[in-house]
Amino acid sequence: MKRRAEDVVVFLGPSLPAEEAKRLGPCVVLPPARQGDVWRALGARPRAIALVDGVFEAQPSVWHHELLAALEAGVAVFGGSSMGALRAVELAAHGMVGVGRIFGWYRDGVVADDAEVALLHADAENGWRPLTVPLVNVRHVAELAREAGVLSAPRARELVSVAAEMFYQERTWARMSERVRWPEDTRRGWAQWFSRGVEDLKRADAVACIRTAQEWVASGAPSSRGARRVPSSLVRRRRLVEDVTRVPDARVPSGHVLEVLSQAPDARELAEAGLRRALLAGWARTMGLSVTEDEVAREQEAWWRERRVPVRKRDAFLSASGLDPEGLRALCEERALERLVLAHSTRLLPDGPSWDEALAAEARLRGRWAEAALDIAASDEEPID
């Protein structure tokens with residue numbers, strides 16, 4: 001099967017230049033992940049996501065709920081190096097795969113503070129270039145220097161201690177060198193060894209994370225859906241606003257679509273119909289009722305017939321509807337449950353309403369009863385005095 005670049009989505013910033021990520025294999029490289037970005041990326045239907053960098057502090061960080069949604073959709077999610085390592089530790093039990101040494105340090109409790117991976121970096125126009133040194137890199141280099149005999153164990157610990165005391169936006173190798181109290185021979189040895197170049201651990205872990213995602217996709221391994229969850233109303237509403245709807249040649253903010261629909265003349269009717277279906281389906285579940293896969297499939301086919309969409313255009317129509325196959329299935333399951341409740345209305349409540357009673361009540365509320373009665377009176381049929 002031909003690989004699409006969209007099969008692998010990478011969230012990347014200061015840990016590795018985008019060009020280097022693309023040399024590891026076909027992929028779409030997006031900026032450091034912020035809240036809502038993973039939801040939006042799912043519209044491209046990737047097979048794997050490599051989460052490396054993410055924002056924090058000034059902007060909301062990527063939500064665990066988004067990554068769980070990706071796993072539930074059958075997308076393999078890999079994390080390493082930075083924000084990806086943090087989220088991989090937190091979601092390992094749910095199927096997110098952690099990659100690299102930094103992930104291992106967090107998993108094993110060697111480090112615990114999120115600030116270990118924090119650094120100051122340039123903006124997108126300047127390629128997210130790192131401007132300061134994250135503490136995990138200092139730990140790594142101190143260990144390499146000790147193994148090489150450049151620093152004694154106490155001198156290596158001093159370097160890490162000095163780095164840890166510095167604010168992440170001020171931590172540079174030059175400033176660290178100024179603050180350590182090393183003898184002159186140690187400084188000369190360090191300067192000579194350091195000038196030959198030291199490994200950037202975050203960079204190495206970013207490469208490993210992206211490569212692992214690429215290898216997984218290239219292997220053709222089948223997707224495995226994570227456990228189905230029912231996110232809270234807060235999360236569901238947030239996704240409605242944060243998501244994007246893909247139409248031909250454009251990506252439309254779902255929040256904008258919702259805003260336009262909310263101003264439509266039939267907005268209240270649409271919302272009330274949706275509420276009734278959701279409430280009846282929820283009631284059915286609380287009563288232990290369920291529908292079969294065949295019943296859900298029949299609802300899906302009925303929905304497609306109502307839309308009159310040819311099979312060849314169904315994928316595009318789903319995307320334009322802000323849906324994927326799993327989302328459509330969930331809605332059609334609700335429709336099937338709603339239909340089940342209505343079909344058994346007389347038995348679900350003591351002396352429950354009949355079909356005829358429901359038809360009469362709604363027709364009277366909508367004025368249809370009066371219309372039908374007047375039509376009958378005006379017809380050739382003789383009305384009853």
Side-chain angles (χ1 to χ4, degrees), residues 5-34 37-38 41 46-57 59 61-62 66-67 70 75-92 96-108 110-111 113-124 126-141 143-144 168 171-173 197-218:
E6 294 85 354
D7 284 343
V8 178
V9 171
V10 180
F11 290 98
L12 193 61
S15 293
L16 185 74
E19 312 81 64
E20 292 192 32
K22 292 177 180 178
R23 283 199 287 270
L24 297 172
C27 63
V28 171
V29 178
L30 299 177
R34 55 189 170 87
D37 281 349
V38 171
R47 294 201 60 221
I49 289 174
L51 175 60
V52 176
D53 290 310
V55 302
F56 69 106
E57 274 194 353
Q59 300 180 65
S61 299
V62 59
E66 303 174 60
L67 299 166
V75 179
V77 183
F78 302 88
S81 179
S82 191
M83 178 65 75
L86 294 169
R87 291 293 182 263
V89 171
E90 294 157 348
L91 296 176
M96 186 171 177
V97 178
V99 180
R101 193 174 191 198
I102 297 169
F103 162 76
W105 279 352
Y106 277 113
R107 179 197 59 203
D108 300 336
V110 176
V111 298
D113 195 333
D114 293 3
E116 289 271 347
V117 294
L119 77 163
L120 182 66
H121 57 77
D123 57 15
N126 292 286
W128 309 105
R129 184 170 57 86
L131 302 175
T132 59
V133 183
L135 189 52
V136 288
N137 276 10
V138 180
R139 292 186 188 278
H140 179 62
V141 170
E143 184 177 314
L144 293 179
Y168 77 90
R171 188 188 300 121
T172 64
W173 288 115
V198 293
E199 183 182 41
D200 182 329
L201 183 59
K202 284 188 72 174
R203 182 190 188 99
D205 278 10
V207 169
C209 181
I210 298 165
R211 182 171 285 139
T212 301
Q214 290 285 3
E215 289 172 352
W216 184 87
V217 171

Output all residues satisfying salt bridge (charged side-chain N to carboxylate O under 4.0 Å, His left out) with Glu143, sequence neighbours left out; order by chain, then residue number. Arg101

What residues form a salt bridge (charged side-chain N to carboxylate O under 4.0 Å, His left out) with Arg171, not counting sequence neighbours? none

Can you tell me how far CG of Asp205 sits from CG of Asp200, rounded to the nearest 0.5 angstrom? 9.5 Å

Counterpart residues, side-chain hydrogen bond (donor to acceptor under 3.5 Å, both in side chains), relative to [X] (two or more places apart):
{"X": "Ser15", "value": "Asp53, Ser81"}
{"X": "Glu215", "value": "none"}
{"X": "Arg34", "value": "none"}
{"X": "Asn126", "value": "Asp123"}

Looking at Lys22 and Glu19, is there a salt bridge between them, counting it only when a charged N and a carboxylate O are closer than 4.0 Å? no

Could you tell me which residues satisfy side chain to side chain contact (heavy atoms under 4.5 Å, CB included) with [X], sequence neighbours excluded, listed by chain and number?
{"X": "Leu131", "result": "Leu120, Arg129"}
{"X": "Ala41", "result": "Val9, Phe11, Leu30"}
{"X": "Val217", "result": "Arg3, Asp7, Val8, Arg47, Ala48"}
{"X": "Leu91", "result": "His64, Leu67, Leu68, His94, Met96"}

By ring pair (Phe, Tyr, Trp, His ring centres under 6.0 Å) - contacts of Phe56 (at least two apart): Tyr168

Partners of Trp128 by ring pair (Phe, Tyr, Trp, His ring centres under 6.0 Å), sequence neighbours excluded? His121

Just by modelled atom types, is the Pro134 backbone N or O under 3.5 Å from a matching donor or acceptor in the Glu116 side chain? no

